[in-house]
Amino acid sequence: MSDGGGGFVPVDTGLVLQTLVERMFGIIEGRRGDEPPEPVAAVLAATDLPVASGHPRLEADLRHAGYLARVVEVELFEPARRPAEWIGEMLTDCFASAASWDEAVAGACAELARSEPLGKPDPDDEAAKSWQVPGPGGHVRHYLARRTIEDYLRDAEAPVEDPAELKRPWLYGFFVRACEETLPREAALGGAE
């Protein structure tokens, strides 16, 4: 931040992150009742990520929140409007051995969600694909996922064995939306092959 005189004023990165995360969380929660289109909903529900046994609604809600997080990023941040080209290449490879684009997206997103670190991802970690999607970065996404999980756990009917694992369904939804952005022109979720 500039002080107006050519110098810079130190900024508390934690405060900036917290403010950004809270703003995004508020927007996403305002859209929580907006159901995704049927083909997207089917892909969001397609893969089993058994991280919240006995909590299918919680896992579904986290997938939806992750999906909405990417939608909101694209609306808020100019860099997020560029698709992650590497995802398109990954999907094309997955489609070669899949029965449909839906299956290719579900498989790719499950793999991405499972490989992502559960803790705050390091930008140099090859497994931290959340850093490789244009937008606010892996740290913002990590804290947004944690903020969402914390809030959604308040409504859980029973304890969850390992709450950190709940980041995986959130990431799955996030990557479903990122995949949608990179599908080849001839492909569509829920469409003909």
Side-chain angles (χ1 to χ4, degrees), residues 21 24-53 55-77 80-81 83-84 86-88 90-91 94 100-118 121 127-153 155-156 160 162-183 187-190:
V21 166
M24 290 179 70
F25 179 76
I27 294 169
I28 293 163
E29 282 302 287
R31 297 180 185 177
R32 190 172 178 181
D34 298 347
E35 293 298 322
E38 181 51 42
V40 172
V43 172
L44 285 174
T47 300
D48 186 26
L49 293 172
V51 298
S53 297
H55 297 280
R57 185 74 236 157
L58 174 61
E59 188 168 327
D61 287 347
L62 288 169
R63 289 171 186 231
H64 186 224
Y67 180 88
L68 289 173
R70 181 61 186 162
V71 170
V72 169
E73 281 184 11
V74 170
E75 292 171 3
L76 294 178
F77 306 107
R81 296 181 189 134
W86 63 269
I87 291 178
M90 180 181 189
L91 286 177
C94 288
S100 67
W101 282 107
D102 293 19
E103 185 180 306
V105 169
C109 293
E111 181 181 327
L112 291 167
R114 287 183 186 115
S115 69
E116 184 85 13
L118 291 177
K129 298 298 188 187
S130 61
W131 273 108
Q132 297 175 25
V133 176
H139 288 166
V140 170
R141 293 166 180 144
H142 170 74
Y143 288 119
L144 182 56
R146 284 185 51 180
R147 172 67 177 91
T148 305
I149 292 163
E150 174 186 299
D151 191 74
Y152 287 22
L153 277 175
D155 297 332
V160 174
D162 185 0
E165 283 284 336
L166 294 175
K167 183 178 175 185
R168 300 219 187 277
W170 189 96
L171 284 165
Y172 179 86
F174 172 83
F175 284 120
V176 166
R177 179 60 190 153
C179 283
E180 247 190 314
E181 297 166 5
T182 64
L183 281 172
L189 295 181

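Owing to the predicted nature of the structure, the values given are computational and were not obtained by experimental measurement.
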Hey, is E75 close enough to R31 for a salt bridge, meaning N to O under 4.0 Å?
-> yes

Of the non-hydrogen atoms in A178 and V133, which two are nearest, and what is the gap between them?
-> CB-CG1, 4.5 Å

For L171, does its backbone N or O pair with a side-chain atom of E116 as donor and acceptor, under 3.5 Å?
-> no

Between E180 and R177, does at least one N-O distance fall below 4.0 Å, as a salt bridge requires?
-> yes

pair M90-T182: side-chain heavy atoms closer than 4.5 Å = no

If you draw the axis of the six-membered ring of Y152, does the NZ or CZ of R32 fall within 45° of it and under 6.0 Å from the ring centre?
-> yes

Here the gap from M24 atom CE to R141 atom CZ, rounded to the nearest 0.5 Å, amounts to 8.0 Å

Note: E73-R81 ion pair, threshold 4.0 Å (strictly below) | no

Is there side-chain contact between V43 and W101, with at least one heavy-atom pair below 4.5 Å?
-> no

Distance-minimising heavy-atom pair for D34 and H64 | O-NE2, 2.8 Å

Student check: side-chain heavy atoms of I28 and L144 closer than 4.5 Å = yes

Can you check whether D61 reaches T148 side chain to side chain, under 4.5 Å on heavy atoms?
-> no

Sidechain-backbone polar pair: K129 side chain, A113 backbone, donor-acceptor under 3.5 Å | no

Student check: side-chain heavy atoms of D151 and F25 closer than 4.5 Å | yes

With distance as the sole test, does W131 use its side chain to make a donor-acceptor pair with the main-chain N or O of P121 at under 3.5 Å?
-> yes

Residue Q132 excluded, over 12 heavy atoms near CD under 6.0 Å = yes

CZ/R70: more than 12 non-hydrogen atoms of other groups inside 6.0 Å = yes

Roughly how far, to the nearest 0.5 Å, is the CD atom of E165 from the CD1 atom of I149?
-> 10.0 Å

Salt-bridge present (E59, R63; N to O < 4.0 Å) | yes

What is the distance from atom NZ of K167 to atom CZ of F174, rounded to the nearest 0.5 Å?
-> 11.0 Å

Nearest 0.5 Å, what's the SG-OH distance between C179 and Y172?
-> 9.0 Å

Heavy-atom pair of closest approach, residues G138 and S130 = CA-OG, 3.7 Å

Given V105, which of L91, L44, I87 fulfils the side chain to side chain contact (heavy atoms under 4.5 Å, CB included) condition?
-> L91

